[in-house]
Amino acid sequence: MRGLVRLATVAAVVGLVATPAGPRAASAQEPPPPTDTATFTLTGEILDGLIDAPVIAAVIKVPALRRFAFTDVTGRFFFTDFPEGTWEIIVEHLGYNTVEGTVTLTEGNGLFLRMTPNPVALEGLKVMTRSDRLLAERRQRFPFRVTRISPTMLADAINADPAAIFRRNSLSYISACPTGPTRATDWMTPDCVMKSGGAARIRVYLDEFPMAGGMTHLSAIAREMIHSMDWIPEKAELRVYTKAFIQRLDEGAYSLEPLIWE
């Protein structure tokens, strides 16, 4: 992913620092999971790193808690009932570099972050279509990372195999599944993602419907038919959208169901 800032510790590198908590700002919230850890109200602020202006509608995700929040018109956000501890934080906004890392948070602390604009995303002007908006909103409202494989990535790929394009741009370790029946195509079209809990078989959806053949069937689709993909490593789930499906979204023929996590 272009412009992705990968960090070991957000607080030490990009200015996401624990500070005395300020006034609480309005923000979208998900119900907090049950926890025995002491909790507090976490507040924060996100500014544009070049002009010091508030970044409005940036999404702040805490994957381990399955929670997210958005910044308001002042660039502020908050989480109620936030447990003390060390957490991975992901901050995303269209037109800015995605920031992720870990930070230790306790009561009395807040988060302050300056985001840097993504010069690639800001080249020229582009009208956001209905499909752009619907897919962007669905990605934002999912508490885990969603990696987008854009139409440009598909068009610029040297290998025309959609499965190979996915593997190259997934930012994940994709391999043949180590257990279960071995098929002749497993090494040509690996269909497992390696995660901390072990290997997980990738589920492939084409235009919102599951593909029984998974990655093998994806390889059989002509690249020219595909508009884009959304990869959700936490769920080992790949969403593939054809150009015909995107056209129907733009025409208002379809809506999108939210992404569900277990």
Side-chain angles (χ1 to χ4, degrees), residues 1-33 35 37-123 128 136-148 171 232-234 261:
M1 180 181 295
R2 297 177 180 175
L4 177 64
V5 181
R6 291 193 171 277
L7 307 174
T9 304
V10 176
V13 184
V14 297
L16 182 55
V17 296
T19 60
R24 195 172 72 176
S27 185
Q29 295 291 319
E30 287 292 303
T35 176
T37 306
T39 62
F40 65 104
T41 297
L42 173 65
T43 63
E45 182 178 12
I46 298 181
L47 298 177
D48 185 299
L50 294 181
I51 60 175
D52 283 340
V55 179
I56 302 170
V59 59
I60 301 89
K61 299 180 180 181
V62 189
L65 299 178
R66 299 183 176 186
R67 299 182 66 184
F68 63 91
F70 291 91
T71 54
D72 62 15
V73 294
T74 68
R76 294 178 178 270
F77 66 92
F78 75 94
F79 289 95
T80 59
D81 298 314
F82 195 90
E84 295 183 340
T86 300
W87 304 102
E88 179 192 13
I89 304 291
I90 299 173
V91 185
E92 300 173 336
H93 193 287
L94 184 64
Y96 288 88
N97 292 321
T98 297
V99 177
E100 62 178 337
T102 56
V103 63
T104 299
L105 299 164
T106 59
E107 186 171 5
N109 292 153
L111 291 178
F112 176 81
L113 172 65
R114 295 180 186 275
M115 300 187 75
T116 56
N118 183 339
V120 175
L122 295 181
E123 288 179 357
M128 179 172 282
E137 288 177 352
R138 184 161 78 166
R139 284 190 292 268
Q140 282 189 327
R141 293 185 178 279
F142 189 70
F144 301 106
R145 171 172 295 286
V146 180
T147 298
R148 182 172 185 257
L171 305 178
I232 311 165
E234 183 69 26
W261 64 93

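Considering every non-hydrogen atom in both N97 and P117, the closest pair reads ND2-O, 3.8 Å. The minimum heavy-atom distance linking P54 with G75 is given by the pair CB-N, 3.5 Å. Taking each heavy atom of V62 and F79 in turn, the nearest pair found is CG2-CZ, 4.0 Å. Between F70 and A57, the shortest heavy-atom contact is CD2-O, 3.8 Å.
A heavy-atom distance below 4.5 Å is not found between the side chains of F68 and Q140. Side-chain contact between L65 and P83 is present, with heavy atoms from C-beta onward closer than 4.5 Å. Using a 4.5 Å heavy-atom threshold, the side chains of E100 and E92 count as separate. Residues L105 and L111 are in side-chain contact: their nearest non-hydrogen atoms beyond the backbone lie under 4.5 Å apart. T71 is not listed as a side-chain neighbour of H93, based on a closest heavy-atom distance of 4.5 Å or more. At a threshold of 4.5 Å between non-hydrogen side-chain atoms, the residues T80 and R67 count as touching. Looking at T98 and V91, their side chains never come closer than 4.5 Å, going by heavy atoms from C-beta outward.
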For residues 44-51, which side-chain N or O atoms pair as donor and acceptor with protein atoms under 3.5 Å away, sequence neighbours left out?
{"unit_1": "D48", "atom_1": "OD1", "unit_2": "L50", "atom_2": "N", "d": "2.7"}
{"unit_1": "D48", "atom_1": "OD1", "unit_2": "I51", "atom_2": "N", "d": "3.2"}
{"unit_1": "D48", "atom_1": "OD2", "unit_2": "Y96", "atom_2": "OH", "d": "2.6"}

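If you take OG1 on T102 and CD1 on I89, they are separated by 9.0 Å, rounding to the nearest 0.5 Å. To the nearest 0.5 Å, atom CZ of residue F82 and atom CG of residue N109 are 11.0 Å apart.
With sequence neighbours excluded, the residues that form a side-chain contact (heavy atoms from CB on, under 4.5 Å) with E234 are F144.
With hydrogens and angles disregarded, no donor-acceptor distance shorter than 3.5 Å links the side chain of K61 to the backbone of R145.
Under the side chain to side chain donor-acceptor pair (under 3.5 Å) criterion, the residue pairs touching residues 51-60 are D52-R114, with sequence neighbours excluded.
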